[in-house]
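Notes to accompany the following structure.
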Amino acid sequence: QVQLVESGGALVQTGDSLRLSCAASGRTIGPYTMAWFRQAPGKEREFVAGIRRSSTFTNYGDSVKGRFTISRDNAKNTVYLQMNSLKPEDTAVYYCAADVSIGIRTTPGAYEYWGQGTQVTVSS
């Protein structure tokens, strides 16, 4: 079992930056593909970013490309999401997830482990 705990969510203004963290426990995240998803009220959970085990490969949702950066520190068992140039449409609960597959999958159902989420609110 992998336990994931997100932190770093906040109320910010348009154009601000924010960094989310996802701390894992129970097992090392080394063997896992890690990802961030988000879910706004009344909407489906959306893929934001993913990173493979070796950190060599990343993938981003179209709406965040060029603004968000995912990274991981396997030694600290932590995954990060750096969010720049935030927009009101980025407002959502952000979730961290872990997948044993090698590739970066973009559907929520592919991920075995989830955190409880952290709220990000961007005011206009």
Side-chain angles (χ1 to χ4, degrees):
Q1 289 282 346
V2 178
Q3 290 81 42
L4 302 172
V5 178
E6 303 93 337
S7 62
L11 170 62
V12 298
Q13 294 185 338
T14 298
D16 284 351
S17 296
L18 200 60
R19 188 176 83 156
L20 305 182
S21 298
C22 171
S25 61
R27 290 183 181 176
T28 174
I29 64 170
Y32 294 88
T33 291
M34 302 299 296
W36 287 93
F37 286 78
R38 67 187 182 186
Q39 189 166 18
K43 295 188 177 181
E44 294 185 351
R45 195 163 293 193
E46 173 191 20
F47 174 80
V48 175
I51 185 167
R52 287 179 59 175
R53 303 171 184 177
S54 65
S55 302
T56 303
F57 296 101
T58 57
N59 189 22
Y60 295 91
D62 289 341
S63 61
V64 306
K65 283 180 181 177
R67 299 188 298 123
F68 290 11
T69 303
I70 188 172
S71 61
R72 64 191 295 164
D73 186 336
N74 289 343
K76 295 184 176 179
N77 232 24
T78 302
V79 181
Y80 304 97
L81 183 68
Q82 177 66 43
M83 304 186 294
N84 297 330
S85 302
L86 282 162
K87 305 175 182 180
E89 50 264 44
D90 294 318
T91 295
V93 177
Y94 283 71
Y95 298 91
C96 177
D99 177 18
V100 296
S101 300
I102 296 175
I104 301 173
R105 297 191 285 182
T106 60
T107 55
Y111 288 76
E112 291 82 10
Y113 302 104
W114 291 86
Q116 83 291 346
T118 186
Q119 177 70 47
V120 173
T121 303
V122 185
S123 65
S124 57

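Starting from 1, each residue takes its place in the sequence as its number.
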Notebook entry, point to check: Any chain of hydrophobic side-chain contacts (each under 4.5 Å) joining W114 to I51?
Noted result: no
Check: Any side-chain heavy atom of T33 within less than 4.5 Å of one from Y111?
Finding: yes
Checklist line | G117 backbone acceptor or donor facing E6 side chain under 3.5 Å | finding: yes
Check: Can you tell me how far CD of Q1 sits from CD of E112, rounded to the nearest 0.5 angstrom?
Finding: 10.5 Å
Notebook entry, point to check: For the hydrophobic clusters of this structure (ILVMFWY residues joined by side-chain heavy atoms under 4.5 Å, transitively), does one cluster hold both Y95 and V64?
Noted result: no
Check: Taking only residues two or more places apart in sequence, or in another chain, which ones meet A98 in a side chain to side chain contact (heavy atoms under 4.5 Å, CB included)?
Finding: L4, Y32, M34, Y113
Next item on the list: Look at the side-chain heavy atoms of Ile, Leu, Val, Met, Phe, Trp and Tyr, link any pair under 4.5 Å apart, and say whether V93 and F37 land in one connected group.
Entry: yes
Check: Hey, is the main chain of T107 close enough, under 3.5 Å, to the side chain of R45 for a donor-acceptor pair?
Finding: no
Notebook entry, point to check: Do F68 and L86 have side chains that get closer than 4.5 Å, going by heavy atoms?
Noted result: yes
Next item on the list: Report yes if some heavy atom in the side chain of V122 is under 4.5 Å from a heavy atom in the side chain of V120; otherwise report no.
Entry: yes
Notebook entry, point to check: Which atoms form the tightest heavy-atom contact between Y60 and T69, and what is the distance?
Noted result: OH-CA, 3.3 Å
Check residues 11-23 and write down every donor-acceptor pair under 3.5 Å in which the side-chain atom is one partner and the other belongs to a residue at least two apart or another chain.
from, atom 1, to, atom 2, distance (Å)
T14, OG1, S123, O, 2.8
D16, OD2, Q13, N, 3.0
S17, OG, N84, OD1, 2.9

Margin query: To the closest 0.5 Å, what do you measure between CZ (R52) and CG (D99)?
Written below: 11.5 Å
Notebook entry, point to check: Closest heavy-atom contact between P31 and T28?
Noted result: CD-O, 3.4 Å
Note to self: I'd like to check the side chain to side chain contact (heavy atoms under 4.5 Å, CB included) partners of E89; sequence neighbours left out, ordered by chain and number.
What the structure shows: K87
Check: What are the two closest heavy atoms between V2 and A24, and how far apart are they?
Finding: CG1-CB, 4.2 Å
Next item on the list: State, with a plain yes or no, whether a side-chain heavy atom of M83 is found less than 4.5 Å away from one of R67.
Entry: no
Note to self: Do P108 and Q39 have side chains that approach each other closer than 4.5 Å (heavy atoms only, starting at C-beta)?
What the structure shows: no
Next item on the list: Looking only at non-hydrogen atoms, find the nearest pair between A92 and A40 and report the distance.
Entry: CB-N, 3.8 Å
Check: Hydrophobic cluster mates of V5, side-chain heavy atoms under 4.5 angstrom, ILVMFWY only, any path?
Finding: none
Check: Quick one: OG1 on T118 to CH2 on W36, what's the gap to the nearest 0.5 Å?
Finding: 7.5 Å
Notebook entry, point to check: Same cluster or not: are F47 and I70 linked, directly or through other Ile, Leu, Val, Met, Phe, Trp or Tyr residues, by side-chain heavy atoms under 4.5 angstrom apart?
Noted result: no
Next item on the list: Locate the shortest heavy-atom distance separating S25 from N77; write the atom from each residue and the value.
Entry: N-ND2, 4.3 Å
Notebook entry, point to check: With no hydrogens and no angle check, is any side-chain donor or acceptor of R105 less than 3.5 Å from a backbone partner on A110?
Noted result: yes
Next item on the list: Starting from Y80, walk the hydrophobic network (Ile, Leu, Val, Met, Phe, Trp, Tyr; side-chain heavy atoms closer than 4.5 Å) and list everyone else you reach, by chain and number.
Entry: none
Item checked: Partners meeting side chain to side chain donor-acceptor pair (under 3.5 Å) with K43 (sequence neighbours left out) -> none
